[in-house]
Amino acid sequence: MILISPQTAENLYWMGRYIQRAETMTRLVIQTFDKILDIDPNEGTRLYAKMGVELIYKTPQEFLQKSIFGLEYASLIYTIDNARENAILTRSHLPNRMFSRINALYLKYQNAKQISPVSIFWLESTLQELDAIWGNLELSLVEAKEIPFIEFGRITERMDLNVRLYNSMEAALFD
């Protein structure tokens, strides 16, 4: 049996966290964008305040741009960059298709920095890519030793965001 080093296990864990964070935040940004348009123009400020991030914007499109590219440690591009960095560090432990999808998502975001502004439809395509990344994990690493570390990161991130967003341990445990 081949063992995984502690550093590799940690990188797999963080890759799982960052991919989950990208998925959750993408869904929240899409939902919040709709609420900004239809219900309350300050909804985005409240969303990020729950996570300890100050976000000021004037238009729904500016909210979208800042959520994707403009928040130093809380933007989607930052999250995807970190997922890719951890994927690079653990590449020999990942299926080629999974790594390729993570890298493609990273390149999509790097290219989008040059084109402004991005649309909500562009952002929704991120969800399709993230679903494909998780699907590749489930299909390619059946009973692999790497799965528990990635899944632990995924679950930890979901619980962490639930506690931050809903200020409730019950919400985290229910999830």
Following the transitive rule for hydrophobic clusters with a side-chain heavy-atom cut-off under 4.5 Å over Ile, Leu, Val, Met, Phe, Trp and Tyr, establish whether [X] and [Y] coincide in one cluster.
X      : Y      : value
Trp14  : Leu105 : no
Val29  : Tyr18  : no
Phe121 : Tyr109 : yes
Ile30  : Ile19  : yes
Phe152 : Ile155 : no

Would you say the side chain of [Y] lies within less than 4.5 Å of the side chain of [X], judging by non-hydrogen atoms?
X      : Y      : value
Asp160 : Arg158 : no
Asn11  : His93  : no
Leu123 : Leu76  : yes
Glu146 : Leu94  : no
Met15  : Met98  : yes
Leu12  : Asn86  : no

Apply salt bridge (Lys or Arg N to Asp or Glu O under 4.0 Å) to Glu157 and list each qualifying residue two or more places apart in sequence or on a separate chain. Arg17, Arg21
Residues forming a salt bridge (Lys or Arg N to Asp or Glu O under 4.0 Å) with Glu62, sequence neighbours excluded: Lys66
Residue list, side chain to side chain contact (heavy atoms under 4.5 Å, CB included) with [X], at least two apart or on another chain:
X      : value
Pro148 : none
Asn103 : Arg84, Phe99, Tyr106, Leu107
Ala22  : Thr79, Ile80, Leu130
Ser92  : none

For Lys50, the side chain to side chain donor-acceptor pair (under 3.5 Å) test, sequence neighbours excluded, returns none
Scan residues 71-91 for pairs that pass ring pair (Phe, Tyr, Trp, His ring centres under 6.0 Å), counting only residues two or more places apart or in two chains. Tyr73-Tyr78
Distance-only polar pair, side chains of Tyr48 and Thr32, donor-acceptor under 3.5 Å: no
Quick one about Ser67 and Tyr57 (side-chain donor to acceptor, distance below 3.5 Å, no hydrogens or angles considered), yes or no? no
Who are the ring-ring contact (aromatic ring centres under 6.0 Å, His included) partners of Phe33, not counting sequence neighbours? none
Give the minimum heavy-atom separation between [X] and [Y], together with the two atoms involved.
X      : Y      : result
Gly70  : Ser75  : N-CB, 4.2 Å
Ser119 : Leu64  : C-CD2, 4.0 Å
Met51  : Arg164 : O-NH1, 4.1 Å

Testing Leu165, Ile36, Val53 for side chain to side chain contact (heavy atoms under 4.5 Å, CB included) with Leu47, which one passes? Leu165
Apply ring-ring contact (aromatic ring centres under 6.0 Å, His included) to the pair Phe149 and Tyr13, showing each step before the final yes or no. CA-CA 5 Å; Phe149 300 107; Tyr13 164 83; 9.0 Å; no
Does any pair with a residue in [range] pass salt bridge (charged side-chain N to carboxylate O under 4.0 Å, His left out), and if so which ones, sequence neighbours excluded?
range            : answer
residues 25-38   : Glu23-Arg27, Arg27-Asp131
residues 100-117 : Arg101-Glu129
residues 4-14    : none

Please evaluate residues Leu55 and Leu71 with respect to the criterion side chain to side chain contact (heavy atoms under 4.5 Å, CB included), reporting the C-alpha separation (whole Å), side-chain torsions for both, the decisive distance (0.1 Å), and the verdict. CA-CA 8 Å; Leu55 176 61; Leu71 301 171; 3.7 Å; yes
Check whether more than 12 heavy atoms from other residues, nucleotides or ligands sit under 6.0 Å from atom CZ of Phe69, and answer yes or no. yes
